[in-house]
Amino acid sequence: MSSDAKRPSTDPEGRPALSPETIAVMAGRGPRVPDGPLSAPVVFAGTYHAGGPVGYGRDGNPTWAALEETIGTLEGGRALAFASGMGAITAVLESMTLGAVIVFPADSYMGTRAFLADRSRRGRFEPRIVDVTDTAATLAACEGAALLWVETPTNPLIGIADLATLCAGAHRSGAHVAVDNTFATPLLQRPLELGADVVVHSVTKYLSGHSDLQLGAAVTRDEALWGELVNRRELYGAIPGPMEAFLALRGIRTLPVRLERAQASAGELARRLSRHPAVTRVRYPGLPDDPGHGVASRQMKGFGAMLSFEVKGGAEAAEAVCAAVRVLTHATSLGGVETLIERRHKWRGEESTPPSLLRMSVGCENVEDLWADLEQALDAPARPTRSQEG
Ligand SMILES: *Cc1c(COP(=O)(O)O)cnc(C)c1O
């Protein structure tokens, strides 16, 4: 990660502010007392002795609290952990009043989009679908809206939305702003500082980082909204398991080094892919000619490790690449140490995605191994299949 030039030099108490990389390692630890454990213990508790502020397992847990302190400090707000990203996302959306107008990105996580469509059919929400990389159109849609939902980078087209301008404009229209910060992570982008009211995460992805659990989080500085979210978690029951919370926190400890490696490799692979004869388009905000490059350079500390590219030969050629990889893994999801690739168009609700678009979540393997594998996989469609060889 390049710099932390925008970091304040002191915290509110006048102590030198720590950089996010250090916070990821230090936050959510117990007191430094003899024989105190360095890591928050996993507390398996369905209930607690009476008289305390928590009382019952669905209402709080010390392992969640350690994770929440860490994610909250990284995002610059107060965090709540949920059973999954969708648990956090639905808690935020369900905190809106009945019939609320929600301005929502066309290019976005399909689960959130499906939830909004499902609830809207029953009259719960009134959605307005926009291209959040088009600032003027998005702000025009915010008139009379209760909430603007933003993802940036977008999924799977890796577009960039201008968070500061969108937040200021949406607030002028009286709309709140929620940002799904899963792709960027708080190390690269801090939406609350850019004006967002709430940030959500699929902790399943980069924060936990090992493709071995599901977890979510919502972070806000708005006390009233925080209270609403606490209620939603208690009443809907989308609570994290303590073991998942422990593993996610363990994962966050290495987020800065994982992301640094993954991001460097993503930049390198994006450059090489954009010169490859089988590739027609690469979408990565780190490429100087990418439409999102300018805004991303201003609002992000780095360009992240997600990229998409289209190949010659359409859906069939793209599927052949997925079938041919040996170092990369053909699987959905993102943010783990393993590099994943998949063709997005095949999913329901992604019919508008280019058929040959491959989304790649770059992991921590050696970049030359990744490139060699990609090169041989990109050659695969041209290679005669066994049956053709006869
Ligand atoms: C995966 C994902 C989600 C959903 O998170 P889960 O943990 O799978 O519920 C939400 N938003 C984005 C951007 C995601 O990638």
Side-chain angles (χ1 to χ4, degrees), residues 64 67 71 75 79-94 102 104-118 132-133 147 149-161 163 178-186 188-189 191 196 198-219 229 232-233 236-241 243-245 247-249 251-252 255 259 262 266 283 285 300 304-308 331-336 338-342 344 347-350 353 357 359-363:
W64 307 351
L67 174 67
I71 296 176
E75 283 288 1
L80 272 179
F82 287 83
S84 63
M86 285 306 294
I89 287 163
T90 55
V92 171
L93 287 170
E94 290 288 4
I102 315 283
F104 193 81
D107 189 35
S108 51
Y109 181 64
M110 62 182 177
T112 318
R113 210 159 4 103
F115 175 77
L116 196 70
D118 174 78
V132 287
T133 68
L147 182 72
W149 190 274
V150 186
E151 287 182 26
T152 181
T154 66
N155 179 20
L157 300 182
I158 321 291
I160 301 293
L163 285 177
V179 177
D180 184 330
N181 205 26
T182 300
F183 273 31
T185 87
L188 302 183
Q189 174 171 282
V198 58
V199 166
V200 294
H201 275 285
S202 172
V203 178
T204 308
K205 314 293 168 54
Y206 283 103
L207 297 184
S208 68
H210 295 76
S211 311
D212 54 7
L213 62 87
Q214 300 270 160
L215 211 113
V219 196
L229 296 176
R232 294 293 165 285
R233 185 174 69 177
Y236 297 169
I239 55 163
M243 194 67 206
E244 279 78 358
L247 289 170
L249 182 50
I252 289 173
L255 172 65
L259 195 58
R283 299 165 189 259
M300 301 176 78
M306 294 299 300
L307 64 93
S308 289
T332 195
S333 198
L334 57 120
E338 318 83 0
T339 298
L340 305 185
I341 190 165
E342 71 163 339
R344 292 299 296 179
W347 294 104
R348 195 153 53 92
E350 299 244 357
T353 301
L357 184 135
R359 189 188 72 186
M360 207 161 93
S361 166
V362 179

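Every number for a ligand or one of its atoms is a count from 1 in the order of the listing.
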Taking side-chain hydrogen bond (donor to acceptor under 3.5 Å, both in side chains) as the definition, give me every residue that meets it alongside S211, ordered by chain and number, with sequence neighbours left out.
E338
When every non-hydrogen atom of S333 is compared with those of S361, the smallest separation belongs to O-CB, 4.3 Å
Determine whether N155 and M306 make a side-chain contact, defined as any pair of heavy atoms from C-beta on separated by less than 4.5 Å.
no
Please list, by chain and number, the protein residues whose heavy atoms come under 4.0 Å of ligand 1.
S84, G85, M86, I89, Y109, D180, T182, F183, S202, T204, K205, Q214, L215, L334
For the residue pair L247 and H210, establish whether any side-chain heavy-atom pair is separated by less than 4.5 Å.
no
Answer yes or no: is there a donor N or O on one side and an acceptor on the other, between the side chain of E350 and the main chain of P156, under 3.5 Å?
no
Show your working on side chain to side chain donor-acceptor pair (under 3.5 Å) between S108 and E151 and close with a plain yes or no.
CA-CA 6 Å; S108 51; E151 287 182 26; 4.5 Å; no
